[in-house]
Amino acid sequence: MDYNFAHIEEKWRDYWRADKTYQVAIDHTRPKYYVLDMFPYPSGAGLHVGHPLGYIASDIYSRYKRLKGFNVLHPMGYDAYGLPAEQYAIQTGTHPAETTMKNINRYRSQLDKIGFSFDLERELCTCDPIYYKWTQWTFIQLFNSYYCNHAQQARPISELIDIFAKQGTKNLDLARTKDLSFTAETWNVMSEKEQQETLMNYRLAYLDDAMVNWCPELGSVLANDEISDGLSVRGGHPVERKSMRQWFLRITAYADRLLSGLGTIEWNESIKDIQRNWIGKSVGASLFFDIEGSDEKIEVFTTRPDTIFGATFMVLAPEHELICQITTDDQRADVQEYVMYTKNRSERERMTEVKRVSGQFTGTYAINPFSGKRIPIWVADYVLMGYGTGAIMAVPAHDSRDFAFACHFNLPIIQVVSKQEEPITDSSTWTESYDSKDGIIINSDFINGLTVREASEKIIAEAEKRNIGKGKINFRLRDAIFSRQRYWGEPFPIYYKNDIPYAMPESELPLELPEIDAYLPTETGEPPLARAKNWKTKEGYPIETNTMPGFAGSSAYFLRYMDPYNKKQFFSKESIDYWQQVDLYIGGSEHATGHLIYARFWNMFLFDLGLIPESEPFRKMINQGMIQGRSSFVYRVNIEKLAEYFIWNKIKDKKLGVEFVQNFRDGKHKFDFFAPEIKLLVEVKRAQSSEKDVSSYAKEKGYKILLIPVRQVIEKTDIILQKIKDVIAGKEIEVFEDSDPLKETGFYVSKNYPGREFYTDPIHVDINLVQNDVLDIDAFRKWMPHFANAVLLLEDGKYICGWEVEKMSKSKFNVQNPDDLVERYGADTLRMYEMFLGPLEQSKPWDTQGIEGVSRFIKKLWRLFHNNENEFVISDEPATEKELKTLHKTIKKIDDDTSRFSFNTAVSAFMICVNELTDLKCNKRAVLEPLLILIAPYAPFVAEELWSQLGHAGSITKQDFPKLDENYLSEKSFVYPVSFNGKKRFELELPVDTKQAEIEQIVLNAPEAAKWIEGKTIKKVIIVPNKIINIVV
RNA sequence: GCGGAUGUGGCGUAAUUGGUAGCCGCACCAGACUUAGGAUCUGGUGCCGAAAGGCGUGGGGGUUCGAGUCCCUUCAUCCGCACCA
């Protein structure tokens, strides 16, 4: 047995590199297929076992597609801009590029070990100027574009300038920041500055003042997904709201297309749902309410215009601009106090105190435009300024939040929707609102008797007629803040002339990231780039000092892989025409509301420019599950005591015929067990320190002694018991010495537990076994069967320290490094094991215990080709029917499973196949050659090696997928399960072409059947040919 | 609260249209070989039962000759969003 994976894998890694086996080029004779992984951010911790899961899957699929005759583009690169490198730079002064390159090199070598079939020539890196030139270029295109809602398309801003000059804003429907309305005359007399400011209202990349999440500690603005519970995800620093001038991308212009596009792509429904939710389209109406004693109107957005007659008050968000104006003098102090209170309430408090009702009456009334009733205007922070208009009409009868508010402040509740078939109840006695849209309108004048839907339509039509409102669609999606006050990101190709931002000429790209002396904001709070010397254009104009966020570089990288060295274009027309779009994208679902939305948006924009043929970037996507860390809570167990009890219970259990005394004391010595009849001392020892002492004492007394190193207790119980039996049987034994009892104890020894004492060992325990911080002993024994009969001694019965199962991370000390596994088992084993773990899309805890099975499987495969002396033994004799049946069954199964990404069952099929061939002692070339091709995508190294041993030159990856011959699969007979009343009772083998009537005859007369039929009448016999026989009695 | 997903042996899992529940692997048990090897091989292994047999896919109910699979209901866990009007 000599499967030397280390040697084999090194050999083929070198071969692939030298041969450029995986290099691809445009080839019009073959269909293309583009398989993409989400490229990694190369963190300092290196790759962990969760990373390769998706990469292995995509690699198997790529290799599979190649065998199937496709020209496969399968590239890899690095998402190199990111906060960790910058943080490290701030702390140590190391240039982020240096840290990043170091990490990339580490990642590359780690990936290389696993045997991925990436076209390494196409590797890209987002922080490389030849790459980010095109990130900047795309930004300029966004800056120079506006969005026409009418055409549902991005258009050049130059076109808009012409339109403004001719007709102003008349008849235009544009994506915009604010509603502006001006004539051509007004436009034409505007100054350059005014015109530019106006254009800013329409650009797809624009500047605006915005409340942002400012983190003083990091000196940076953070995206919503970079914040959790009011603290920054990185570092956990407090985050506050602050108004700043920021770059935005007008992603909201694409809200509808981002939503409808989901219908055209093969993505996991749950990801689509997350995106739908994130975009948050609501159809409703915008209605205007008159304010008593004011010329102003309050605009509200509602999805339930049908309930307008039930609106008994209005609520404004505390930031609403009209509050100051409309508050009456006697309420002013209270309202101001309330507004201040909500302002100081942190984001976090607001989130955690959702249930708490608070608000303040302004003293003013509005007029319900339909009922004409006076309704009070309140201020409350359950209304958010960021959604809709920051004002609502409150319908307490049919909205739970309004209901809670009305109850708290004792405001009237009017029912206007009645569930059909239910009597109308007194709404003042309600304990909850009726929010359902299922019902008939009541108490509502001209819409009475209509359904909710009909009433909504009628109200909207009426409002439009009376010019007091209109139908409106609202989105939850916000424009993306695109500025970061950081160093380590793409600089904006923007300069300021008279404070007006202009795009730099494309010919000056890339605008390279300048060197600076420190990676911190300046004293005055300017971003780090403000430290750069001469950060100005040739003409001397200052350049933007913000940099782009992480998602900038990752939003279109998949296009650049198509033509990574093109200096003149983002990508050539030829390459985009050939590669089109990503056919299969594999990555984590955690990017659902970040990267995956931005990439779609970015792609749609490039589509609008006519640069790419598909408006969706990723045709099909698969999200691999998270691999979670295991071992969570750490218990300290007195391992010697544990071993003693364990052995003691075994001895009692086995009834050895000899009485043992527990804890035998003799003078200064204490032994764990003593059998007086045969003078046997048994001592469980952790270390060797006292062994000599003990054994000399035993010798002196004429006792036999069995010293058991602790680790052996658990692992070698049977052997130990055998030893004891031997002694009882009168055989002589020697003192058993273990060379290094401390080295491995059979438990996981935690290096991270600081106060480890001599007698104790921490044991990692599965978190599921811990409830309310206390270990479930019974469950623990089941989990670790070694302890089934042992008494567990936990210190205080409490956990000592622990952490929860969660994503793998370095900080949790449970990172599993794939390198170690490759070193120990080989890359082929790692690859197959990660696939064998379970369905690709499922989250699963990482557990290396099962890897042995896969390792054995590969050795078994090797042994089909080699004898015990490791000589290559392959026969050219024709294969038998049975062997061919096994082969073709496997071809079919692997083809099916691989094509539907069921890699775990494919691995299982390989195991079955190799088991069967081993049983058949098959070493026929005719069977093993096709099998090797089948397995090559899964275990490429060993496949290549055996392929070359079979005498082939060149790589196995260039072969064709074996052809299935169904003839070998056909069976002559079928073993019918025979059931009575649906319960299987016996089996019956019959030729496959047996007629139904004949089957019935045979079954009913079968001797096994008599027992079940006896004394009963047969009601029915169901026969499904070659499936099942069921007899109803 | 809303949306989505998942519940099958001691464990990871399998069962493509409703048709033999538990494939494959781990762990375990028994044995062979062995030096008491982190190697290999053979057999066993859902639960209860000596057996016959019974019970079994989170719980309850239903449809069906037949349900892990379909329907209703309920519980638990995980993920996403979360005062979105």
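Residue numbering restarts at 1 for every chain, and letters A, B, ... go by the order of the sequence lines.
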- line: Assign each of Phe974(A) and Ser282(A) the nucleotide of RNA chain B bearing its closest heavy atom; nearer the 5' end lies the nucleotide of Phe974(A)

Gap in Å between the two C1' atoms, one belonging to rA15(B) and one to rU57(B), rounded: 11 Å

message: Using 30° and 60° as the class boundaries, would you call the ring planes of His595(A) and His591(A) parallel, tilted or perpendicular?
response: perpendicular

task: Check every atom of rG19(B), rC24(B), rG4(B) against the side chain of Ile912(A) and return the nucleotide holding the closest atom.
output: rC24(B)

- prompt: Is Glu841(A) atom CD crowded by more than 12 heavy atoms from other residues, nucleotides or ligands, each under 6.0 Å away?
  reply: yes

field: Partner nucleotide, any strand, of rA21(B) [Watson-Crick/G-U, under 3.5 Å]
entry: none

- prompt: Got a donor-acceptor contact below 3.5 angstrom from the Thr303(A) side chain to the Val283(A) backbone?
  reply: no

query: Would one find a side-chain N or O of Asn915(A) under 4.0 angstrom from OP1 or OP2 of rG25(B)?
result: yes

message: Rounded to whole Å, how long is the line connecting atom CH2 of Trp862(A) with atom C1' of rA39(B)?
response: 17 Å

task: Could you work out which one of rC65(B), rU40(B), rA15(B) sits closest to the side chain of Ile1022(A)?
output: rC65(B)

Phe836(A) side chain near Met911(A) side chain, heavy-atom distance below 4.5 Å: yes

query: Does a side-chain N or O from Arg985(A) land closer than 4.0 Å to OP1 or OP2 of rU20(B), or not?
result: no

Distance, C1' atom - from rG10(B) to rC29(B), rounded to whole angstrom: 13 Å

Under the ring-ring contact (aromatic ring centres under 6.0 Å, His included) test, residues paired with Phe301(A) that sit two or more places apart: none

query: Considering Watson-Crick and G-U wobble pairs with both distances under 3.5 Å, what does rG80(B) pair with?
result: rC2(B)

query: Over how many whole Å does the gap from Met835(A) atom CE to rC24(B) atom P extend?
result: 21 Å

task: Could you tell me the separation between the CG atom of Leu990(A) and the P atom of rU20(B), rounded to a whole number of Å?
output: 17 Å

Counter-base of rG66(B), judged by Watson-Crick or G-U geometry with both distances under 3.5 Å: none

query: rA85(B) C1' sits how many Å from Glu299(A) CD, rounded?
result: 13 Å

- request: On the 0 to 90° scale, with breaks at 30° and 60°, tag the Phe903(A)-Phe901(A) ring pair as parallel, tilted or perpendicular.
  value: perpendicular

query: When the P atoms of rG54(B) and rG18(B) are considered, how many whole Å apart are they?
result: 28 Å

- request: Please report, rounded to the nearest Å, how far the P atom of rA5(B) is from the CD1 atom of Ile274(A).
  value: 11 Å

task: Take atom CG of Asn1030(A) and atom P of rC65(B), then tell me their distance rounded to the nearest Å.
output: 10 Å

- prompt: Under 4.0 angstrom, heavy atoms only, what part of the nucleic acid is Ser908(A) near: base, sugar-phosphate, or nothing?
  reply: base

query: Are the charged groups of Arg276(A) and Glu269(A) less than 4.0 angstrom apart, N to O?
result: yes

statement: Heavy atoms of Asp402(A) and Phe313(A) approach each other most closely as O-CZ, 3.8 Å

message: Using a 4.0 Å heavy-atom cut-off, does Val1024(A) contact any base of the nucleic acid, only the sugar-phosphate backbone, or nothing at all?
response: base

- prompt: Where the side chain of Met911(A) is defined as all heavy atoms beyond and including C-beta, which of rA85(B), rG19(B), rG25(B) is the nearest nucleotide?
  reply: rG25(B)

- prompt: Hey, does the side chain of Arg476(A) come within less than 4.0 Å of rA82(B)'s phosphate (OP1/OP2), counting only N and O?
  reply: yes

message: Of the listed nucleotides (rU16(B), rA14(B), rA85(B)), which one gets closest to any side-chain atom of Arg900(A)?
response: rU16(B)

field: Gap in Å between the two C1' atoms, one belonging to rG19(B) and one to rU69(B), rounded
entry: 11 Å

task: Could you work out the separation of rC28(B) and rC79(B) based on their P atoms and round it to a whole Å?
output: 32 Å

message: Once you apply a heavy-atom cut-off of 4.0 Å, does Gln842(A) come out as touching a base, just sugar-phosphate, or nothing?
response: sugar-phosphate

field: Nucleotide nearest Arg856(A) when distance is taken to its side chain, options rC26(B), rC41(B), rA85(B)
entry: rC26(B)

query: Considering only rU16(B), rA85(B), rG80(B), which nucleotide approaches the side chain of Asp897(A) most closely?
result: rU16(B)

- prompt: Out of rG4(B), rA21(B), rA15(B), which nucleotide sits closest to the side chain of Lys984(A)?
  reply: rA21(B)

statement: Re rU40(B): Watson-Crick or G-U wobble partner, both distances kept under 3.5 Å, found to be rA32(B)

- prompt: Which nucleotide in the list rU40(B), rC83(B), rG80(B) gets nearest to the side chain of Asp381(A)?
  reply: rC83(B)

statement: Asp273(A) has its side chain closest, among rU17(B), rG4(B), rA27(B), to rG4(B)

field: Interatomic distance where CG belongs to Asp896(A) and P belongs to rA15(B) [whole Å]
entry: 12 Å

- prompt: Phe980(A) has an atom CZ; how far is it from atom C1' of rG53(B), in whole Å?
  reply: 16 Å

message: Both distances below 3.5 Å, Watson-Crick or wobble geometry, any strand: find the nucleotide opposite rC55(B).
response: rG46(B)

- prompt: Given the P atoms of rU20(B) and rG68(B), what is the spacing between them in whole Å?
  reply: 10 Å

statement: Relative to its sugar, using the 90° cut-off around 0, the base of rG25(B) is anti

field: Comparing Ile1031(A) and Asp919(A) on RNA chain B - which has the more 5′ nearest nucleotide
entry: Asp919(A)

rG3(B) OP1/OP2 closer than 4.0 Å to side-chain N/O of Ser270(A): no

field: Option among Asp306(A), Thr302(A), Thr307(A) that satisfies the side chain to side chain donor-acceptor pair (under 3.5 Å) test with Ser456(A)
entry: Asp306(A)

query: Choosing from rG4(B), rC65(B), rC24(B), which nucleotide comes nearest the side chain of Lys1020(A)?
result: rC65(B)

Gap in Å between the two C1' atoms, one belonging to rG3(B) and one to rC48(B), rounded: 43 Å

- request: Please measure how far the C1' atom in rA67(B) lies from the corresponding atom in rU8(B), and state the result in whole Å.
  value: 14 Å

message: Under 4.0 Å from OP1 or OP2 of rA14(B): is there any side-chain N or O of Asn904(A) that close?
response: yes

